[in-house]
Amino acid sequence: MSAQTLARPRPASTAIRWSRRAAGALAFAALIELVSRTGLVDPQFLPPATEILARAAALTADPEFLAHALTSLIAWAAGLGLAVVIAVPLGLLLGSVPIVDAATRSVVEFLRPIPSVALIPLVSLLIGTGTQVRITLAVYASLWPILYNTMYGLRLVDPLAKESLRSYGFGPLAMLRRVSFPSSAPFITTGIRLAAAVALILVVSTEIVAGRGEGIGVFIFYAGIAVPARMTDILAAVLWVGLFGVLVNAVLVAAERRAFRWHHARMGETP
């Protein structure tokens, strides 16, 4: 047994990890309850955690909120799906063909830092308002994590494996299908997991800024402009957005670890 293996700490079990996370969430909720009940923060702006949780539970039986939530989830799924369809082949192309990467690098580096929220007025003028704006911006924002993780994964492909296939007469497409894509798949799935959170942020943000139609962001927008502002509704809706993000991330992490056990074993992680 190597010294590196001996020095590596034993990973905590799944139950222990989740219990620690739950303890942290309960401590945060207790802190909100304390500062609200004691008046350190005006309850009008930060209601007690118990009231937020009660309202969040009540929203699950509210048809209006459920319609808003469904609209946001459809836009999120469509945006993320389109981003995967666009970014993965594009990343494979740029990562496999250096001349194409060099020709497009300046354009990619120009577009990547532009904040997606800043494009809301422009996109609204070009394609109108509604679900298409949310999907377009979600695609734009979530495309980059997938694209760059795909390209990064291709750079880490074992050159010896590629040379072995080349020596047997396999062409570039065969090497991509047999070696490059399978080796970079764990990095692609990591990019998709990161993009899932980005797409959710963009969908809700676009709904809040636009303030039209349906969606959780629209629900939050109208709760915020009410007189007085319905902070309990706002925070309860935000709570559901956060919980959905945590659930999606947990599902994707579990699927990633199950599908790529060999990758995590090589990286010194426990599936």
For the pair Trp76 (side chain) and Ala196 (backbone), establish whether a donor and an acceptor sit closer than 3.5 Å, ignoring hydrogens and angles. yes
Any side-chain heavy-atom pair of Asn149 and Ile188 under 4.5 Å: no
Taken to the nearest 0.5 Å, the spacing of Leu34 CG from Leu40 CG works out to 6.5 Å
Which atom pair, heavy atoms only, marks the closest approach of Pro228 to Gln44? CB-NE2, 4.2 Å
Should we count CG of Leu247 as having more than 12 external heavy atoms under 6.0 Å? yes
Candidate pair Leu239 and Leu53, rule side chain to side chain contact (heavy atoms under 4.5 Å, CB included), full reasoning: CA-CA 8 Å; Leu239 176 63; Leu53 293 173; 3.7 Å; yes
Check: Ala75 main-chain N/O paired with Thr131 side-chain donor or acceptor under 3.5 Å: no
Is there a path of hydrophobic side-chain contacts, each under 4.5 Å between heavy atoms of I, L, V, M, F, W or Y residues, that connects Ile220 with Leu73? yes
Rounded at 0.5 Å granularity, tell me how far CG in Asp62 sits from CG in Asp233. 8.5 Å
Determine whether more than 12 heavy atoms belonging to other residues, nucleotides or ligands lie under 6.0 Å from atom CZ of Phe244. yes
Leu122 side, atom CG; Ile114 side, atom CD1 - distance, nearest 0.5 Å: 9.5 Å
Steps toward side chain to side chain contact (heavy atoms under 4.5 Å, CB included) verdict (Leu147, Thr150): CA-CA 5 Å; Leu147 176 66; Thr150 302; 5.8 Å; no
Treating Ser205 as the side-chain partner and Ile201 as the backbone partner, does any N or O pair qualify as donor plus acceptor under 3.5 Å? yes
Kindly give the heavy-atom pair with the smallest separation between Ser184 and Gly153, and that separation in Å. CB-C, 3.6 Å
Give the intermediate values and the outcome of side chain to side chain contact (heavy atoms under 4.5 Å, CB included) for residues Met231 and Leu46. CA-CA 7 Å; Met231 288 303 301; Leu46 182 63; over 6 Å; no
Contact between Arg193 and Asn249 at the side-chain level, heavy atoms closer than 4.5 Å - yes or no? yes
Val203 and Ala138 have their tightest heavy-atom pair at CG2-CB, 4.0 Å
Interatomic spacing from CG in Leu137 to CG in Leu119 - rounded to 0.5 Å: 6.5 Å
Please report the C-alpha distance between Val218 and Thr71 in whole Å, then the side-chain angles of each, then the deciding distance to 0.1 Å, and finally whether the side chain to side chain contact (heavy atoms under 4.5 Å, CB included) criterion is met. CA-CA 10 Å; Val218 177; Thr71 300; over 6 Å; no
Would you say Leu143 ends up clustered with Val85 if hydrophobic residues are merged whenever their side chains have heavy atoms under 4.5 Å apart, either directly or through other cluster members? no
To check you understand the geometry: which heavy-atom pair defines the closest contact between Ile32 and Ala49, and what is its length? CG2-N, 4.0 Å
Under a 4.5 Å cut-off applied to non-hydrogen side-chain atoms, are Leu111 and Val107 in contact? yes
Hey, what's the ring geometry for Trp144 with Tyr140, parallel, tilted or perpendicular (30° and 60° as the breaks)? perpendicular
Between Glu51 and Thr232, is there a donor-acceptor pair closer than 3.5 Å when you use the side chain of the first and the backbone of the second? no
Taking all non-hydrogen atoms of both residues into account, name the closest pair between Pro145 and Leu194 and its distance. CB-CB, 4.1 Å
d(Phe65 CZ, Arg55 CZ) to nearest 0.5 Å is 9.0 Å
Would the distance check show the side chain of Ser96 and the main-chain N or O of Leu93 forming a donor-acceptor pair, the cut-off being under 3.5 Å? no
When clusters are formed by joining ILVMFWY residues with side-chain heavy atoms under 4.5 Å apart, either directly or through shared neighbours, do Leu82 and Leu202 land in the same one? yes
Closest heavy-atom pair and its distance - Pro186, Glu256: O-OE2, 3.9 Å
Hydrophobic cluster membership, with links at side-chain heavy-atom distances under 4.5 Å among I/L/V/M/F/W/Y: are Ile86 and Val198 in one? yes
Tell me whether Ile52 is reachable from Val41 by hopping between hydrophobic residues (I, L, V, M, F, W, Y) whose side-chain heavy atoms are closer than 4.5 Å. yes
Less than 4.5 Å apart, any side-chain heavy atom of Val84 and any of Ile146? yes
Got a donor-acceptor contact below 3.5 angstrom from the Ser72 side chain to the Ile216 backbone? yes
Measuring from atom CD1 of Ile225 to atom CZ of Arg230, what distance do you get when rounded to the nearest 0.5 angstrom? 9.0 Å
Keeping the roles fixed (side chain from Thr60, backbone from Ala56), state whether a donor-acceptor pair exists under 3.5 Å. no
The criterion is side-chain hydrogen bond (donor to acceptor under 3.5 Å, both in side chains); which residues satisfy it with Asp101, sequence neighbours excluded? Arg105
Does Ser19 use its side chain to pair, donor to acceptor, with the backbone of Ile16 at less than 3.5 Å? yes
